[in-house]
Amino acid sequence: MTEMRLVVVGAAGRMGRMLIKAVAEAEGCALVGAIERKGSEVIGQDAGLLAGTGLLDVEVTDDPLPVFAQADGVLDFTAPAATVAFAALAAQARIVHVIGTTGLQEAEFAKLEAAARHARIVQSGNMSLGVNLLAGLVRKVAATLGEDYDIEVLEMHHRMKVDAPSGTALLLGEAAAEGRKISLKDRSVRSRDGHTGARNPGDIGFATLRGGTVVGEHTVMFAGPGERLELSHRAEDRSIFARGAVRAALWGFDKKPGYYTMADVLGLADL
Ligand SMILES: NC(=O)C1=CN([C@@H]2O[C@H](COP(=O)(O)OP(=O)(O)OC[C@H]3O[C@@H](n4cnc5c(N)ncnc54)[C@H](OP(=O)(O)O)[C@@H]3O)[C@@H](O)[C@H]2O)C=CC1
Ligand SMILES: O=C(O)C1=N[C@H](C(=O)O)C[C@H](O)C1
C-alpha cells in the first residue's frame with residue numbers, strides 16, 4: 001500500500017515537534033518534508049532529531065513550494081498569516097491541508113474557504129476526540145436547557161499561548177450557540193471589566209486564564225436557578241492533538257476538495 005506523504009510546517013514549534021513524532025509513529029504515512037520560517041536556527045537540521053524520534057533523513061527547509069509539490073498533505077499548527085499562505089500553496093498543489101492554527105479572523109477564514117475550492121482542508125480549533133465529543137454534548141445540553149441557564153466558557157492554557165479566547169473555547173461556544181439556535185457573533189461576551197451591569201439573558205460568556213505549562217483545560221458551564229451543570233475537558237498531553245491531525249490527513253486523502261472539520265473526520269457531525 002502507498003503511504004501518504006506528509007509535510008509538517010512550523011516544525012520547531014511545540015506542536016510541530018509533536019506532529020513529526022506522530023507521523024513517524026503512525027501507520028499509512030511518512031514524513032517527506034519539514035518547514036520552518038526563514039532565518040530559523042533549525043533550518044538544515046534533521047526533522048527526526050529535532051523532534052527527538054531519531055534520524056528521519058528529512059531536512060528542515062524554509063522553502064515550502066518544492067516540498068508541497070512532492071507531498072499528499074500538510075500538517076499546519078503555526079500562526080494565522082502563515083496558515084493563509086500555506087493554504088494557497090496547498091490549493092496550488094491540490095493536497096490535503098490540516099489546520100490546527102487558532103486565532104484566525106473572519107477575513108482569514110474567508111481565504112481558507114477560497115483555498116478549499118482546490119485543497120482538501122480539515123480545520124479545527126481542537127483535533128482531539130474528547131473535545132469534539134464534548135462539543136456534541138454541549139450542543140445537546142444547550143438545546144435542552146432554556147435561557148434561564150446562563151452559558152459561560154472557561155479556559156486555561158500555558159503562559160506562552162498568544163491568542164484568546166482559545167480556538168477550543170470558540171468551538172465550544174459555537175456548539176452552544178448552535179444548540180440555542182442563536183448567532184455566537186451577536187451574543188458572545190469576550191471580556192468584563194468595571195461596572196458592566198447585569199448579565200444579558202442568552203449571552204455566551206468567555207473567561208480566559210493563562211499560566212504555567214497547562215496544555216489546555218475547558219469547561220462549559222450552564223448556570224441555572226439553584227444549580228450549575230459543568231462539562232469539562234482536560235488535555236494532559238499534546239500528542240492527542242498531533243494524533244488527531246494525522247488521522248485527519250489520512251481521512252482527507254481520498255476526499256474531494258472542500259472545507260471539512262474534525263467532526264467530519266470522527267463521524268460526529270450529526271451528534
Ligand atoms: N487545533 C488544535 O488541536 C491545536 C491548536 N494549537 C494551535 O497551534 C498553533 C501553534 O501552537 P504551538 O505549537 O504551541 O506554537 P509555537 O509558537 O510553539 O509553534 C508555532 C511554530 O510555527 C512557526 N511559524 C510561524 N510562522 C511560520 C512561517 N511563516 N513558516 C514556517 N513556520 C512558521 C513558528 O516559528 P517562530 O517561532 O519563528 O515564529 C513556530 O516554530 C497555535 O495557533 C495554537 O493555538 C495548538 C495545539 C492544539
Ligand atoms: O495553544 C495551545 O496550546 C492550544 N491551542 C488550541 C486552542 O486554542 O484551543 C487547542 C489546545 O487547547 C491547545
Side-chain angles (χ1 to χ4, degrees), residues 7-22 33-43 45 47 50-51 60-65 67-68 74-90 97-105 108 121-132 134-135 153-175 206 208-220 232-249 261-263 265-266:
V7 177
V8 171
V9 294
R14 278 177 290 276
M15 278 306 300
R17 292 168 202 245
M18 296 301 294
L19 290 163
I20 291 168
K21 199 160 177 280
I35 310 291
E36 251 304 332
R37 197 200 274 288
K38 261 190 187 44
S40 164
E41 60 186 19
V42 307
I43 302 298
Q45 284 185 28
L50 176 66
V60 182
T61 142
D62 60 9
D63 185 7
L65 203 57
V67 180
F68 280 29
V74 53
L75 307 178
D76 176 355
F77 289 59
T78 56
T83 290
V84 168
F86 288 133
L89 295 180
H97 187 188
V98 177
I99 300 174
T101 306
T102 57
L104 292 149
Q105 302 303 306
E108 290 159 336
I121 290 184
V122 183
Q123 182 271 327
S124 178
N126 195 304
M127 298 280 172
S128 74
L129 172 62
V131 158
N132 285 282
L134 179 65
V153 184
L154 173 66
E155 56 116 332
M156 180 158 189
H157 283 87
H158 54 95
R159 63 167 71 100
M160 301 306 288
K161 185 159 178 64
V162 295
D163 57 306
S166 69
T168 309
L170 294 171
L171 182 158
L172 294 171
E174 199 60 67
F206 290 87
T208 300
L209 304 177
R210 292 284 176 268
T213 55
V214 176
V215 174
E217 300 192 355
H218 295 86
T219 296
V220 182
S232 294
H233 179 267
R234 286 189 178 80
E236 295 171 354
D237 190 316
R238 287 187 177 82
S239 64
I240 59 172
F241 313 127
R243 286 200 306 270
V246 172
R247 183 167 172 177
T261 69
M262 230 20 221
V265 174
L266 298 170

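Residues: numbered from 1 along the sequence shown. The structure displayed is predicted, hence computed values, not measured ones. One-based numbering, in listed order, for ligands and for the atoms of each.
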Neighbouring residues of ligand 1, heavy-atom cut-off under 4.0 Å: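 Ligand 1 pocket, heavy atoms under 4.0 Å: Gly10, Ala12, Gly13, Arg14, Met15, Glu36, Arg37, Phe77, Thr78, Ala82, Phe86, Gly100, Thr101, Thr102, Ser124, Gly125, Asn126, Met127, Lys161, Asp163, Phe241.
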Heavy atom of the protein closest to [atom] (residue, atom name, distance):
atom: atom 5 (N) of ligand 2; value: Lys161 NZ, 3.2 Å
atom: atom 12 (O) of ligand 2; value: His157 NE2, 2.6 Å
atom: atom 9 (O) of ligand 2; value: Thr168 OG1, 2.5 Å
atom: atom 6 (C) of ligand 2; value: Gly125 O, 3.6 Å

query: Would you call the rings of Phe68 and Phe86 parallel, tilted or perpendicular, where under 30° means parallel and over 60° means perpendicular?
result: tilted
Looking only at N/O atoms, are [X] and ligand 2 under 3.5 Å apart anywhere?
X: Gly167; result: yes
X: His218; result: no
X: Arg238; result: no

message: Test of understanding: given a 4.0 Å heavy-atom threshold, classify the contact between His158 and ligand 2 as side chain, backbone, both, or neither.
response: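 Within the 4.0 Å criterion, His158 contacts ligand 2 through side-chain atoms alone.
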- prompt: Which part of Val215 is near ligand 2, with near meaning a heavy atom under 4.0 Å away: side chain, backbone, both or neither?
  reply: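 Near ligand 2, Val215 shows its backbone, while the atoms from C-beta on stay back.
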Side-chain contact test, heavy atoms from C-beta onward, threshold under 4.5 Å: evaluate it for [X] versus [Y] and give yes or no.
X: Thr83; Y: Glu108; result: no
X: Ser124; Y: Leu171; result: yes
X: Leu89; Y: Leu65; result: yes
X: Leu209; Y: Leu154; result: yes

Can you list the residues that meet the salt bridge (Lys or Arg N to Asp or Glu O under 4.0 Å) rule with [X], with sequence neighbours excluded?
X: Glu217; answer: Arg234
X: Arg37; answer: none
X: Glu36; answer: none

Inter-residue atom distance Leu19.CG - Met127.CE, 0.5 Å rounding: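 The CE atom of Met127 is 9.0 Å from CG of Leu19, to the nearest 0.5 Å.
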- prompt: Can you check whether Thr78's main-chain N or O pairs, donor with acceptor, with Thr101's side chain at less than 3.5 Å?
  reply: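 Yes; judged by distance alone, with no hydrogens or angles, the pair exists.
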field: Between Asn126 and Ser128, a side-chain donor and acceptor under 3.5 Å
entry: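 Note: Asn126 and Ser128 side chains meet the donor-acceptor criterion.
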Atoms of ligand 2, numbered as shown, that sit under 4.0 Å from any heavy atom of Ser166: 7 (C), 8 (O), 9 (O)
